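A short write-up of the structure that comes next.
What you see is a predicted model, and the numbers here were worked out from it, not measured in a lab. Order of the sequence lines sets the chain letters (A, B, ...), proteins ahead of strands, with each chain counted from 1. Hydrogens, waters and symmetry mates play no part in the numbers below; they use all other heavy atoms, side chains included.
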2 protein chains.
Amino acid sequence: MSTHAQSQAQPQPHADPSQESATYRRYLSAVLLHGHAGAKACGLGATDLYALNVLDLGGPMTPGELGARTGLTTGPTTRLVDRLEAAGYVRRVPSPDDRRKVIVEPVGRPAELDRVLAPARRRLGELLGSYPPEQRAVLFDYFARATEAYREAAEQLRDPEE
Amino acid sequence: MSTHAQSQAQPQPHADPSQESATYRRYLSAVLLHGHAGAKACGLGATDLYALNVLDLGGPMTPGELGARTGLTTGPTTRLVDRLEAAGYVRRVPSPDDRRKVIVEPVGRPAELDRVLAPARRRLGELLGSYPPEQRAVLFDYFARATEAYREAAEQLRDPEE
DNA sequence: CCTAATCTCTTCTCTAAAGAAGAGGAATCC
DNA sequence: GGATTCCTCTTCTTTAGAGAAGAGATTAGG
């Protein structure tokens, strides 16, 4: 097993679409499983991981915005930012144009999380590097498009009526 | 925006590898975000989603095995299976060869979870369908290989010494 | 200017889920 | 066939995290 990354020029196509569906679902499960396991290994709760992903996708934002996107009221939001700040994942910066506001921005290198995710990153990097450039271009084209689709779907799950 | 799924025959390759890395990280964040949002919309806790993914990847197993893979002791494991069974996601089946054992198996259609994830599935299905067959083959080749990589990485996160 | 609205943070309370310890039934080994 | 081991489930206790309500500081509007 694990003789991956041979990557012949023409990977055999799946004949059966339902087989494709099962393959894709298992793939998503594995991605989620790995994300959860990594967060747990860092002592991060589910909400903390969620918020980090929100920040990763949405960029720096105020605690109010972060709380709204995470589905929390102001109390838990403050404590959430406290936890993330204490763990070194984010930083509070005063807003330049409104002194009531605070900007929560991700810190450059979340060391602990990066450390536990490093083995997977390395393996996936090798896997991606094993494809010829034109195939890798297809993969990254998909990644970029899928990111948008998932992000919008997640937003609609959060605010079903909007 | 959202003019996806045009998929020219040759998507432009990324010139900068660090750009690739950022694209990939954002993609993973979006996948995780969508998974969390879906679970939350169904009233599933983080552990419940984790366990469902374990079952999806590992197939039917005993509560003991599920608890071990989820990192729980026996008490919470029983309640976890109780919750999943009450919500209609899994079923307890007596083991045919050892009457002490119980097999936890996923139920065919977890209706609620499927319902909330359906919009994303549909959009991603359209996206995948928009690629010509040989490019789609590359994508599914990647999905299958990446599944193994993530699964093994998640296992090593759970049992760092093994 | 003085009032109203907005943003963050604090305190108190409450619920959901995890751990620890142990009971009961079933299989295995001598 | 009797003792030991194994698997699941139950009970009790504890902790982490969420909601509600309000205080303090700052901005906007009449």
Please list, chain by chain and in numerical order, all residues satisfying ring-ring contact (aromatic ring centres under 6.0 Å, His included) with B/H34, sequence neighbours excluded. A/Y150
Below 4.0 angstrom, which residues in residues 35-68 of chain A have at least one non-hydrogen atom near DNA chain C? A/T62, A/P63, A/G64
So, A/K40 side chain and B/T70 main chain: donor-acceptor pair closer than 3.5 Å or not? yes
Please confirm whether the backbone N or O of B/V107 pairs with a side-chain atom of B/R91, one donor and one acceptor, at under 3.5 Å? no
With sequence neighbours excluded, residues passing salt bridge (charged side-chain N to carboxylate O under 4.0 Å, His left out) with B/R92: B/D82, B/E85
With sequence neighbours excluded, what pairs up with B/R100 under the salt bridge (charged side-chain N to carboxylate O under 4.0 Å, His left out) test? B/D98
Do the charged groups of B/R123 and B/E126 touch, with an N to O distance under 4.0 Å? no
Range on DNA chain C touched by chain A - first to last nucleotide, heavy-atom distance under 4.0 Å: C/dT6 to C/dC12
DNA chain D contacts made by residues 93-104 of chain A, counting heavy atoms under 4.0 Å: A/D98, A/R99, A/R100
Excluding sequence neighbours, so at least two apart, what forms side-chain contact (heavy atoms from CB on, under 4.5 Å) with A/D48? A/L44, A/L80, A/R83, A/L84
Side chain to side chain, A/L55 and A/Y89, heavy atoms closer than 4.5 Å: no
According to side-chain contact (heavy atoms from CB on, under 4.5 Å), who are the partners of A/L49, at least two apart in sequence or on a separate chain? A/A39, A/N53, B/H36
Listed partners of B/P60 passing side-chain contact (heavy atoms from CB on, under 4.5 Å), at least two apart: B/I103, B/E105, B/P106
For DNA chain C, find the residues of residues 70-83 of chain A with a heavy-atom distance under 4.0 Å and give them by number; none if there aren't any. A/T74, A/G75, A/T78, A/R79
Applying side-chain contact (heavy atoms from CB on, under 4.5 Å) to B/T147 and not counting sequence neighbours gives A/R26, A/Y27, A/A30, B/L57
If hydrophobic residues (ILVMFWY) are linked whenever their side-chain heavy atoms come closer than 4.5 Å, directly or via other members, who joins A/L32 in its cluster? B/L32
